Amino acid sequence: MSSGRQRLPLNQEAQLIEERTPKAAARGSQDLAAGDGRITTDEDGSPTGHLLDGLNPQQREAVLHRGSPLLIVAGAGSGKTRVLTHRIAHLLASGDAHPGQILAITFTNKAAAEMRERVAALVGPRAGRMWVSTFHSACVRILRYEASTIGIRSGFSIYDATDSRRLMTLVCRELDLDPKRHPPRAMAAKVSNLKNELIDPDTFATTAARSGTEAEGLLAQVYADYQARLAAAQAFDFDDLIMTTVNVLQVFPQVAAKYRQRFRRILVDEYQDTNHAQYVLIRELVGGPAAEPADGRADAAAEPELPMAELTVVGDADQSIYAFRGATIRNIVQFEADYPHAHTVALEQNYRSTQRILTAANAIISHNPDRVPKNLWTGSGDGAKIVGYTADSEHDEASFVVNEIADLHARHDVRHGDVAVFYRTNAQSRAIEDVLVRAGVAYRVVGGTRFYERREIKDALAYLRVLDNPDDTVSLRRILNMPKRGIGDRAEACVAALAQRDGISFAAALERAGDAPGIGARAVNAIGAFTALLAELRSLLADGVGLGQLIVAILDCSGYAAMLRDSRDPQDETRLENLEELIAVAGEFETQTPDGTLSDFLTDVSLVADADDLPDEAVAAGQAELERTEDGVVTLMTLHTAKGLEFDVVFMTGMEEGVFPHQRSLGSQKDLAEERRLAYVGVTRARQRLYLSRAVTRSVFGSQCRPRSSTGAGWWTPGWPIRTTGGHRPPRRWPAGPGCARPATGR
DNA sequence: GTCCGGGATTTTTTT
DNA sequence: AATCCCGGAC
């Protein structure tokens, strides 16, 4: 028996439009209705209600509310993204807004694509002119449009986390920091936090100098140096994209005015995961809240202010799981204070999970202090009991999961595609993958080492980036000795010193490597060959050779392809295949975007996180293609990636102190609360069945590790019914038993 | 002695 | 992926 209301298939969701306000009927209705002909009939051809059908009163209120800023606080599975989608569709269908006026922010690019698709299914192709994207994509678009105004290169490079860590490593080394006391990783995190708080290097340096400690002074130096190098490389890191856009809006009134006039409806999903910079960005874009005339100085006569854009935000404070990168629930908790005339709608009814699952979720999250109590409820039944399993080892745990999947498949017709396995860290997927492979179950790992994060792909892209943007020092240094061409650390340092001494770019210093003090003759020769290679590739690019061909040339001329072919490492064969995929992706980009530049391609690639679009994944474990398409594949992912998704069956694995919650979070209540929210997110992904498992011993990098469970009952006290029999072996004591006797040995 | 390359070791979560 | 350590080439 399927519980609750399943999400309607698109063709049924495409009801609507019938009920249009007179405004739209006047002009746009014809277009809208004509949209794609997909309007208001269900299977047997009879008209079916309108856009609000199937929504409960709170959801309707949220869809229909107009005028003041709207906050939708919603529990998990309450249909918040659906409400947002219908709200957009209703804005369009009613003629209250045209697509060009809409800016919708989602958390991932994938979510953006889905939302765009759903809205298009509801109102037809006119929806195409909306902006639906992540914060980062929206900022890139703005920065590229305004590049000439701001005075930046429109083809700037975008540095992901690993790129910026590399850059930070360079900075720390140059400043002679002890990597033990000031690891680049930590410095990068601190700088990132400053940017998320919109504190620019100068301001920070001033405050650090005035009242700061030595450590702060150091950080100020690192921050300034890091930013200077980013600027020299014509590059933005992820934090810069937001921070710079905010700066631009604040510094160039005409730019701000342009976007305020353009975006009259702004909607933000997952508002609980926004940071301060994103909060300010939204505030700048909506142009509000209109400040009360301070100290009686009524400037009202000055010029007619554009009224604030209509702002809608949706979020659930209990699902805030990105505090580690600066997200703050302040934004959602203080919304009504930020926007004085705000209206709030609460959605507590859950349409996703069984009551037992919701009870578990409530039990977990209720342990968090300082939260607004919320009680998820559902009209559907109790459902199956939650199953807990304590395994001997991670292998045993994996076997349990896989056996259970097979059993569900055989006895309950559960499709593999409806099953997900969650874990806290990416490394944990290995053990489960092993057993899945042996059992011949097809699966895919979402996230982990994603396609564009693979070494060979990043290398190839680094070549492209250097060709596109010679100032991109990080990419240049990445490929300098890749494949090995006899330019070692020593030679690289000499060139860097030359660049530093003469105040020229690294690329320019390479051209006259012979002048570098202390450099060896061999290295100079090798560098000469390398610069010749780049020149050759650049001339190809200038000749207008295709993107795919350019990549082929890069791989051939650099010897990269040869290196992989000659290698005896079996992994390198896969690398070659991945590179073929990249060439295919580039070809696809060219056909889809005929006038796209190399910069456009690189921008696309830097920002995609669209796991489903990517060619790799799906490690098909000897499964017939046909069966896979009918049955789907089991999905493996971290709890963080699971946000916003749902599955019939969910396995949460590795629920041991030290693994989940993670070792690093055990020290503080604040971090522990975030782990609990993460558990809450995981549990509420399940529609029908939920499994929780842990292992008494788990090997980490070869050596055995016994997780500790100090309280005996674990880090939370589960307050839900646990099935006591079932599974393939009798489950061990869970969760009451101490499970793991000895404290962690560390490694 | 200098420098490069390969191996071992160790990884929270991610736009 | 980034670092450190050691063997081999010059």
Side-chain angles (χ1 to χ4, degrees), chain A residues 105-112 133-140 158-166 168-170 172-173 179-180 183-185 188-189 192 196 236-242 270 273-275 277-278 320-327 422-428 430 446-450 452-455 458-459 478 481-494 518-523 526 567 569 606-611 637-643 654 658-666 671 674-675 677-679 681-682 700-703 746-747:
Chain A
I105 303 284
T106 56
F107 193 72
T108 62
N109 285 300
K110 191 178 169 195
S133 70
T134 59
F135 273 105
H136 293 86
S137 300
C139 288
V140 169
I158 298 171
Y159 282 1
D160 68 9
T162 45
D163 293 325
S164 53
R165 232 185 352 251
R166 284 175 95 104
M168 187 56 84
T169 310
L170 291 180
C172 289
R173 211 173 314 169
K180 289 271 177 341
R185 200 175 272 268
S192 170
N196 288 334
F236 289 89
D237 67 16
F238 276 2
D239 304 311
D240 272 334
L241 292 175
I242 315 281
E270 310 283 10
D273 286 317
T274 52
N275 60 32
Q278 290 163 336
S320 166
I321 53 174
Y322 283 97
F324 71 88
R325 66 177 207 213
F422 299 157
Y423 35 78
R424 177 66 226 274
T425 62
N426 283 307
Q428 288 168 250
R430 175 59 52 202
V446 179
T449 44
R450 271 184 292 252
Y452 292 114
E453 281 168 24
R454 285 158 200 247
R455 182 156 35 100
K458 291 211 73 166
D459 286 339
R478 179 184 181 102
N481 198 27
M482 181 63 72
K484 300 271 180 259
R485 43 173 79 91
I487 310 172
D489 291 345
R490 170 77 196 181
E492 186 183 336
C494 290
I519 198 164
R522 261 182 309 155
S567 159
D569 184 344
S606 307
L607 295 173
V608 230
D610 196 338
M637 62 176 111
T638 65
L639 286 147
H640 282 87
T641 350
K643 189 172 78 157
V659 175
F660 180 32
H662 195 269
Q663 194 70 43
R664 308 262 313 239
S665 71
L666 293 179
D671 291 345
E674 178 140 322
E675 297 287 301
R677 288 194 292 272
L678 195 53
V681 167
V700 181
F701 295 109
S703 58
R747 24 179 279 99

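Hydrogens, waters and symmetry mates play no part in the numbers below; they use all other heavy atoms, side chains included. Predicted, not measured: the structure shown is a model, and the values here were computed from it. Per chain, numbering begins at 1; letters A, B, ... match sequence-line order.
Nucleic acid contact class of Ala491(A) (heavy atoms, under 4.0 Å, all strands): sugar-phosphate only. Among the atoms of the strands shown, none is found under 4.0 Å from any heavy atom of Gly520(A). If you check every strand for non-hydrogen atoms under 4.0 Å, Phe135(A) touches nothing. Within 4.0 Å of Asp160(A), counting heavy atoms only, lies no atom of the nucleic acid at all. At the heavy-atom level, Asp273(A) lies nowhere under 4.0 Å from the strands shown. Within the nucleic acid shown, Arg166(A) comes within 4.0 Å of sugar-phosphate atoms alone, with no base atom in reach, counting heavy atoms only.
Of the side-chain N and O atoms in Thr641(A), one or more sit less than 4.0 angstrom from OP1 or OP2 of dT14(B). One finds a side-chain N or O of Thr638(A) lying less than 4.0 angstrom from the OP1 or OP2 phosphate oxygen of dT14(B). When the side-chain nitrogen and oxygen atoms of Asn275(A) are compared with OP1 and OP2 of dT15(B), none of them lie within a distance under 4.0 Å. In this structure, Asn426(A) reaches the dT13(B) phosphate: one of its side-chain N or O atoms is under 4.0 Å from OP1 or OP2. Taking 4.0 angstrom as the limit, Arg325(A) places none of its side-chain polar atoms (N or O) nearer than this to OP1 or OP2 of dT15(B).
For Thr134(A), the listed nucleotide lying nearest its side chain is dT15(B); candidates were dT13(B), dA1(C), dT15(B). Among dT12(B), dT14(B), dT15(B), the nucleotide with an atom closest to any side-chain atom of Thr425(A) is dT12(B). Counting only heavy atoms from C-beta on, Arg455(A) has its side chain closest to dA1(C) among dA1(C), dC3(B), dT13(B).
Between the CG atom of Asn481(A) and the P atom of dA2(C) there is a distance of 15 Å, given to the nearest Å. In this entry the distance linking NZ of Lys110(A) with P of dT14(B) reads 14 Å, nearest Å. dT14(B) atom P lies 17 Å from atom CG of Leu607(A), rounded to whole Å. If you measure from atom CZ of Phe422(A) to atom P of dT13(B), you get 16 Å, rounded to the nearest angstrom. Atoms CZ (Phe238(A)) and P (dT14(B)) sit 13 Å apart, rounded to a whole Å. When rounded to the nearest whole Å, the span between CG of Asp671(A) and P of dT12(B) equals 14 Å. As rounded to whole Å, 15 Å separates atom P of dT13(B) from atom CE of Met637(A). For the pair Glu674(A) CD and dT12(B) C1', the interatomic distance rounds to 11 Å; values are reported in whole Å.
Put simply, the side chain of Val140(A) reaches to within 4.5 Å of the side chain of Leu607(A), judged on heavy atoms. Side-chain contact check for Thr425(A) versus Val659(A): every heavy-atom pair is 4.5 Å or farther apart.
His662(A) qualifies as a stacking partner of the dT12(B) base, centre to centre under 5.5 Å and near-parallel within 30°. The aromatic ring of Phe324(A) stacks onto the base of dT13(B), its centre lying under 5.5 Å from the centre of the six-membered base ring with the two planes under 30° apart.
Between Asp163(A) and Arg478(A) there is no salt bridge, since no side-chain nitrogen of the basic residue lies less than 4.0 Å from a carboxylate oxygen of the acidic one.
Qualifying salt bridge (Lys or Arg N to Asp or Glu O under 4.0 Å) partners for Arg325(A), counting only residues two or more places apart in sequence or in other chains: none. With sequence neighbours excluded, the residues satisfying side chain to side chain donor-acceptor pair (under 3.5 Å) with Arg485(A) are Tyr463(A). Scored by the side chain to side chain donor-acceptor pair (under 3.5 Å) test, Gln278(A) finds no partners at all (sequence neighbours excluded). Not counting sequence neighbours, the partners of His640(A) by the ring pair (Phe, Tyr, Trp, His ring centres under 6.0 Å) test are Tyr322(A), Phe324(A). Residues that satisfy the side-chain contact (heavy atoms from CB on, under 4.5 Å) test with Ser320(A), not counting sequence neighbours, are Gln272(A), Asp273(A), Ile329(A), Arg677(A).
A distance of 8.5 Å separates CZ of Phe660(A) from OG of Ser665(A), quoted to the nearest 0.5 Å.
Toward the 5' end of DNA chain B, the nearer of the two residues Lys484(A) and Leu678(A), judged by each one's closest nucleotide, is Lys484(A). Residue Arg185(A) is the one, among Arg185(A) and Ala161(A), whose nearest nucleotide of DNA chain B lies closer to the 5' end (criterion: closest heavy atom).
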Discussion item. Can you build the contact string for nucleotides 3-10 of chain C? Use B for base contact, S for sugar-phosphate-only contact, and - for no protein heavy atom under 4.0 Å.
Written reply: S-------
